[in-house]
Amino acid sequence: MTYLAWIVAFIASILLTPLVKRLAFRVGAVDRPNYRKVHAKIMPRLGGLAIYLAFLIGILILRPMHEAMLPLLIGSFVIIVTGVLDDMFEISAKAKLLGQLIAATIVIFFGGIQIDTINLPFSNGELDFGFLSIPVTIIWIVGITNAINLIDGLDGLAAGVSTIALITLAGMAFIMGDTFVIIMATMLAVSTIGFLFYNFHPAKIFMGDTGALFLGFMISVLALLGFKNVTFVSLVIPIIMLGVPISDTFFAIVRRLLNKQPPFSPDKSHLHHCLLNVGFTHRQTVLIIYGIASMFGLAAIVFSMAKVWGAILLITVLLVAIELFVEVIGLVGSNYRPLLNLVRKSK
């Protein structure tokens, strides 16, 4: 039955995307070129609606049982409505944030999805978030939701990175024996892969905020379902798994603060922009970021099976590698090269 649901969701995504493309033009949900955009012609967005509908079809076939199922579906619907409104009318950032907060609140209060406690490494102690549990969970959900949205700058980029994260999440859920997360993550993955047939370069349709916010929201919540109330080391796993959107968002904020700009102001210096500036083609840039996302996913799986000191060593190597990569491509700025300057001085 599971395989049938995957096939149906995949085919539904392929069949629904052209219909959504036609709908996008009809309702004015189009993306017009500007100085920050890579594309040079008017493109239909709203493609995330096809992913969402295909996912729903698959879920209706399998009907997985979980106490968080209904709140998750309601929260995702709120996110979809928020994304559709933005794709059609370009609503304000505050309105988008409100939609995300409402969706996060629904899954927290009605689905019981939140980070309550974590066990600390090197001791038998436990950190209880207490009244901070809800704010911490909201920050996680909203943060990951927007991180996926921020990397949605090239054909197939956000959809592909999200698919890799979902496959990794499903793999981790398999290791931990979490059937619900496996079903939800794989169903989302096959629905997104079907959409990628139209979204990979040269794209025929963008998934828009409808898709980016939906995928980000679902990934953030499924990650919490799979890793809440675990050890501190295990809590790092979803952070590693989502290394590409998280690190790109983090360094974007650092870059803007160093340039004395608002931390969430838009610019044209994200990871994909930097790789394009270095000289890679559109397709090469996307494939390189796919590769990086896959390495993060593999690192997350290795990390989950490592001992404490091995996990710490892996984290150290990852952080140094990320920092060197950031400095080489100029993600923070051409003058930001602390590690490279240190290496030169040591010589």
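Minimum heavy-atom separation, Ala223 to Met241: CB-CE, 4.5 Å. When all heavy atoms of Ala5 and Gly58 are compared, the pair lying nearest together is CB-O, 3.9 Å. Taking both residues in full, the closest heavy atoms of His270 and Arg255 are given as N-NH2, 4.0 Å, listed atom of the first, atom of the second, then distance. Contact detail for Ile51 and Thr192: the closest heavy-atom pair is CG2-OG1, 3.8 Å. Counting all heavy atoms, side chain and backbone alike, Ala299 lies closest to Ile240 at CB-CG2, 4.0 Å. Across all non-hydrogen atoms, the minimal contact from Leu166 to Ala189 is CD1-N, 3.8 Å.
Side chain of Ser13 to backbone of Ala9: no donor-acceptor contact under 3.5 angstrom is found. Asn199 places a side-chain N or O within donor-acceptor distance of the main-chain N or O of Ile205, the cut-off being under 3.5 Å. In this structure, the side chain of Asp248 does not engage the main chain of Val244 through any donor-acceptor pair within 3.5 Å. A donor-acceptor pair under 3.5 Å links the side-chain atoms of His66 to the main chain of Ala68, judged by distance alone. Within the 3.5 Å criterion, the main-chain N or O of Leu339 finds no donor-acceptor partner in the side chain of Glu323. No donor-acceptor pair closer than 3.5 Å links the side chain of Arg45 to the backbone N or O of Met207. The backbone N or O of Gly211 sits nowhere less than 3.5 Å from a side-chain atom of Tyr52 that would complete a donor-acceptor pair. Although no hydrogens or angles enter the test, the distance criterion places a donor-acceptor pair under 3.5 Å between the side chain of Ser76 and the main chain of Leu73. Under the 3.5 Å distance criterion, the side-chain polar atoms of His282 are matched with a main-chain donor or acceptor of Asp155. The backbone N or O of Ala212 lies less than 3.5 Å from no partner atom in the side chain of Asp152, so there is not a single donor-acceptor pair.
Taking CZ from Phe217 and OG1 from Thr145, the interatomic distance works out to 6.5 Å, rounded to the nearest 0.5 Å. Note that OG of Ser191 and CZ of Phe214 are 7.5 Å apart. Values are rounded to the nearest 0.5 Å. To the nearest 0.5 Å, atoms CZ (Phe206) and CG (Asp31) are separated by 5.5 Å. We find the CG-CD1 distance between Asn149 and Ile144 to be 12.5 Å, quoted to the nearest 0.5 Å. Distance check, rounded to the nearest 0.5 Å: OG1 of Thr17 to CG of Leu23 gives 12.0 Å. Atom OG1 in Thr285 sits 10.5 Å away from atom NE2 in His273 (nearest 0.5 Å).
Among Val326, Leu271, Ile246, the one residue that satisfies the side-chain contact (heavy atoms from CB on, under 4.5 Å) test with Phe251 is Val326. Partner of Lys96 under the side chain to side chain donor-acceptor pair (under 3.5 Å) criterion, chosen from Asn146, Asp209, Thr82: Asp209.
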Trace of the side chain to side chain contact (heavy atoms under 4.5 Å, CB included) decision for Phe280 with Ile289: CA-CA 11 Å; Phe280 291 107; Ile289 298 177; over 6 Å; no
Test side chain to side chain contact (heavy atoms under 4.5 Å, CB included) applied to Asp87 and Leu49, step by step: CA-CA 11 Å; Asp87 285 340; Leu49 186 60; over 6 Å; no
Residue pair Ile57, Leu16: steps toward the side chain to side chain contact (heavy atoms under 4.5 Å, CB included) verdict: CA-CA 11 Å; Ile57 291 171; Leu16 286 169; 4.3 Å; yes
Working for side chain to side chain contact (heavy atoms under 4.5 Å, CB included), residues Gln114 and Leu224: CA-CA 7 Å; Gln114 63 188 73; Leu224 283 185; over 6 Å; no
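Side-chain atoms of Lys204 and Pro44, non-hydrogen and from C-beta on, never get closer than 4.5 Å to each other. Annotation: side chain of Ile219 is in contact with side chain of Ser162 (closest heavy-atom distance under 4.5 Å). Looking at Leu242 and Thr168, their side chains never come closer than 4.5 Å, going by heavy atoms from C-beta outward. Within the 4.5 Å cutoff, side-chain heavy atoms of Ile141 are placed close to those of Thr137. Phe10 places a side-chain heavy atom less than 4.5 Å from the side chain of Ile14. With contacts defined as side-chain heavy-atom distances shorter than 4.5 Å, the pair Trp6/Met187 qualifies. Side-chain contact between Leu72 and Met184 is present, with heavy atoms from C-beta onward closer than 4.5 Å. Using a 4.5 Å heavy-atom cutoff, the side chains of Phe325 and Ile292 are in contact.
In the hydrophobic cluster analysis, where Ile, Leu, Val, Met, Phe, Trp and Tyr join through side-chain heavy atoms closer than 4.5 angstrom, Met176 is grouped apart from Ile167. In the hydrophobic cluster analysis, where Ile, Leu, Val, Met, Phe, Trp and Tyr join through side-chain heavy atoms closer than 4.5 angstrom, Leu150 is grouped apart from Ile139. Under a hydrophobic-cluster definition in which Ile, Leu, Val, Met, Phe, Trp and Tyr are linked whenever side-chain heavy atoms come within less than 4.5 Å, directly or via other members, Val8 and Phe195 are assigned to the same cluster. Linking Ile, Leu, Val, Met, Phe, Trp and Tyr whenever their side-chain heavy atoms come within less than 4.5 Å leaves Leu313 and Met295 in two separate clusters. Linking Ile, Leu, Val, Met, Phe, Trp and Tyr whenever their side-chain heavy atoms come within less than 4.5 Å puts Leu53 and Ile79 in one cluster.
Within 6.0 Å of CZ in Phe180 there are more than 12 heavy atoms belonging to other residues, nucleotides or ligands. By the 6.0 Å contact criterion, CD on Gln284 is enclosed, its count of non-hydrogen atoms from other residues, nucleotides or ligands being greater than 12. Open room surrounds CZ on Phe174; 12 or fewer heavy atoms of other groups in view lie less than 6.0 Å from it.
Ring pair Tyr290/Phe200 is tilted by interplanar angle, where 30° to 60° counts as tilted.
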